[in-house]
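Shown next, in structure tokens, is the structure this report addresses.
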Amino acid sequence: MNAKRFLLDRPVQYLKGVGPRRAEQLDRLGIRSARDLLLHVPRRYEDASTVTAIATLKVGMDATVIGEVVSKGVLPTRKGLRIFQAVIRDASGLIECSWPGQPFLDRTIQKGDRLLVAGPVRFFHGRQIQPREYVVLDRDDGADGGKVLPIYPSTEGLSQKLLRQIIEENLDPMLSVAREEEPFTAEHLKRIGIPPLGEALTVLHRPDTIAAAEQGRRRLAYGELFFLQLLHARARLEHARQRPGIPFRRTNALLRPFHEALPFTLTEAQTRAVREIFEDMAAPRRMNRLLQGDVGSGKTVVALLAMLLAAESGFQSALMAPTELLAEQHYRTLRDLLAGVDLEIALMLGRQGRRERETARGAAAGGAARVVVGTHALIQEGVEFARLGLAIIDEQHRFGVRQRMVLAERGEAPDVLVMSATPIPRSLALTLYGDLDVSVLDERPPGRKPIRTGLRPESARGKVWDFVREQVAAGRQAYVVYPLIEESEKVDLKSATAEHELLSSQVFPDLRVGLVHGQMAAEEKDAVMRGFVAGEIQVLVSTTVIEVGIDVPNATVMVIEHAERFGLSQLHQLRGRIGRGAEQSWCVLIATGGPDSMERLRILAETDDGFEIAAADLRLRGMGDLFGAKQHGLPDFRFFDHEKDEELLITARREAQAVVESDPELRRPEHAAYRRELETRYGERARMHEVG
Ligand code: ADP
Ligand code: MG
């Protein structure tokens, strides 16, 4: 068994048909061991149902065709662009394929090659395909007569043919080891409705039908999900067991006067979230909950209610924000909202003078301050709390998991509430934050005017500035956002610094224009932001540093330059800075780029539902890119498809939870394989959560 397992850990170089040179090429695909090779499965499959006969191609279709190259060459155009063109033929007819700007393909693609090309069909002196993707196939590779053609991710110098050959030659012995590594019992597999590992890998590499390959993918996706959920389930258990939590007791001594003085009624979503949080807090186990809500959904007041419950029970709360500006803003908001309530609040910031700091620290340590608001300063050496019962982290994606834990360690066993304005679909929330319970604010307070969002080409910039001037003349303020800080020669983007120069000296010489960006020192940055909050700055030029949390209701215009460079969710987050007051707000996206990027940006003009936007973003860009998923410790899922596998994810979570409930240490013989898998997949992290 050990010798056999060893086979999969063997460096790929020593496999049949590989050797040092090919090992190097395989390395570029991330393939280092035999196991990596076995898991290097096709990216897609083609068969008679996915490949179109050339004669039936119509302009406007997006199609995959297979044909033989009958002629080829490089065409210069008048603009100096060189185009590689090839004409391919199948049994039904001919079509021209055109690769603008890629003359070098003339060396890779030869007359007589069999090509698979996929892309849109256009009209240009006749029908033409502009391949998004092409693959040089083996002579007898087909996708007809019921045959399925697997397309592997490959790399320069390593053709499909070679890659397939290497895999085929080594597949059988690798599969026989994989069969023995099956961690799930036959009964478990049957319950989920997925094939065993060996079979899954077989159909992924040698599918009889595309549907069979899809079943194989589901099996591997289930493995990814189940073991991550197992890790999460153990973390949850550990969190709950470590120390008992505080059973907070509601007396209404503070909550009632607060409710009576509150100038608005809570939304249904807020009421639901408060109920969930209060139930957690009343229970004797520690709360570990995520409050997720789109920008402007009103998370602060929910947090405040939780803090009041803690205070009523005789405990302190700490609220940690990622920037000084935001911490100060929270401090002010809380003070205003708590005007009629007898409750001392302290503010702790890094830049405070010695006296101020001593006072704040004293109030926290002595217990006089029942709410302490601050930045990272809250988790500095020397900060102590008399009786910390609740730790709240705002905009949690700006903090690491460690900082979250450090704040929670400041008390005996405080309940923990983290808040995030990054709306993500439920399936992804369960994956990213599987160790947390989740409350969602999926509704905005009533009465806000929706932001109007428009898309403008560069040529309309003059008019956009006129509009900004009009709004400023009416007493409003504006943001102008740029994607980069310094002018880069390579990328032709306007930098915030250069534009600030231009805007303040030429476009708005008579207005007060400020600049803020990430490379500025924190104090300098805060000083500018304070100027904007106070209304001294009328037009604020900035990079994306403004995206987190700040609240300037008088700012009603946001112009975003090079909008095509931003992700949709990020644009939505930025846009959340306006539309906070009673006046109509406007977001103008100035963009260049092809129809694809315009199409993408149009989504923002059409909806302001952050969840919908995040879902679109995920569809377009994939998961890895989004929300710094890596930072959250989200593993590189290779098989999980967040759109297809939501059910599977929920099943995996349930199964994992049941396992941990019945056998927390995974000591039963039938769970030995789970331990092993956790170790292989998560190593160090898996051991961190060993319980007991
Ligand atoms: P976010 O979820 O983005 O942190 P905030 O907590 O800053 O949102 O709330 C945004 C604004 O909405 C604040 O000015 C807040 O006072 C207001 N607000 C919150 N809840 C309600 C409500 N139920 N009705 C009306 N206004 C509300
Ligand atoms: Mg907030």
Side-chain angles (χ1 to χ4, degrees), residues 255 258-277 289-308 317 319-323 325-341 345 371 373 375 392-399 417-424 429 438-451 477 479 529 533 544 546-556 558 569-583 585 587 608-611 613-614 627:
L255 284 166
F258 175 75
H259 267 297
E260 277 162 10
L262 194 64
F264 47 75
T265 41
L266 297 183
T267 63
E268 260 173 57
Q270 283 171 320
T271 307
R272 189 174 355 104
V274 169
R275 191 183 332 114
E276 289 165 352
I277 290 167
R289 184 171 284 276
L290 168 71
L291 175 62
Q292 215 200 1
D294 207 345
V295 277
S297 58
K299 292 182 290 293
T300 317
V301 68
V302 174
L304 180 53
L305 286 162
M307 295 193 278
L308 289 176
S317 303
L319 170 58
M320 184 163 76
T323 63
L325 193 79
L326 197 54
E328 283 182 303
Q329 190 179 288
H330 278 324
Y331 176 70
R332 274 197 307 273
T333 309
L334 297 192
R335 253 196 357 210
D336 293 349
L337 285 171
L338 291 172
V341 181
I345 311 175
V371 170
V373 180
T375 56
I392 304 182
I393 293 104
D394 192 19
E395 306 288 351
Q396 74 86 37
H397 63 286
R398 291 296 173 113
F399 294 103
L417 179 67
V418 301
M419 307 201 286
S420 167
T422 309
I424 47 178
V438 182
S439 292
V440 180
L441 298 184
D442 50 6
E443 177 187 6
R444 291 217 187 107
R448 295 266 178 78
K449 291 199 181 112
I451 299 166
Q477 289 164 281
Y479 295 98
M529 290 309 306
V533 172
T544 54
I546 56 151
E547 82 183 13
V548 174
I550 63 153
D551 193 13
V552 182
N554 191 48
T556 56
M558 177 174 285
S569 294
Q570 196 180 9
L571 289 168
H572 177 65
Q573 204 64 227
L574 282 167
R575 177 170 68 172
R577 298 302 113 226
I578 57 171
R580 308 190 139 242
E583 303 295 331
S585 284
C587 176
D608 69 343
D609 178 334
F611 287 90
I613 289 166
F627 318 124

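Counting convention: from 1, in listed order, for ligands and their atoms alike. Side chains included, hydrogens not; waters and symmetry mates left out as well; all remaining heavy atoms used.
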Between Val301, Thr265, Thr333, Val302, flag the one that comes closest to atom 23 (N) of ligand 1 by a heavy atom. Thr265

Just go through His330, Arg444, Gln270, Gln573 and tell me whose heavy atom is the nearest to atom 20 (N) of ligand 1. Gln270

Residue list, salt bridge (charged side-chain N to carboxylate O under 4.0 Å, His left out) with Glu583, at least two apart or on another chain: Arg476

Pick one of side chain, backbone, both or neither for how Leu266 approaches ligand 1, counting any non-hydrogen atom pair under 4.0 Å. backbone

Region of Leu441 that comes within reach of ligand 1 [heavy atoms, distance under 4.0 Å]: neither

With heavy atoms of [X] as the reference, note each atom of ligand 1 found under 4.0 Å away.
X      : answer
Thr267 : 23 (N)
Thr300 : 4 (O), 5 (P), 6 (O), 7 (O)
Gly298 : 1 (P), 2 (O), 5 (P), 6 (O), 8 (O), 9 (O), 19 (C)
Val295 : 3 (O)

Is there any N or O on Gly296 that sits under 3.5 Å from an N or O of ligand 1? yes

Could you tell me the separation between the CD atom of Gln270 and the CG atom of Leu291, rounded to the nearest 0.5 Å? 9.0 Å

dist Ile613:CD1 -> Leu571:CG (nearest 0.5 Å) comes out at 9.0 Å

Can a donor-acceptor pair be found, under 3.5 Å and without considering hydrogens, that links the side chain of Glu276 to the backbone of Ser439? no

So, Lys299 side chain and Gln292 main chain: donor-acceptor pair closer than 3.5 Å or not? no

Tell me the closest heavy-atom pair linking Leu441 and Ala273, and the distance in Å. CD2-CB, 3.8 Å

Pair Arg444 + Asp608: basic N to acidic O under 4.0 Å: yes

Just to check, does Ser297 reach to within less than 4.0 Å of ligand 1 when the distance is taken from its heavy atoms? yes

Compute the minimum heavy-atom distance from Asp394 to ligand 1 and say whether it is under 4.0 Å. no

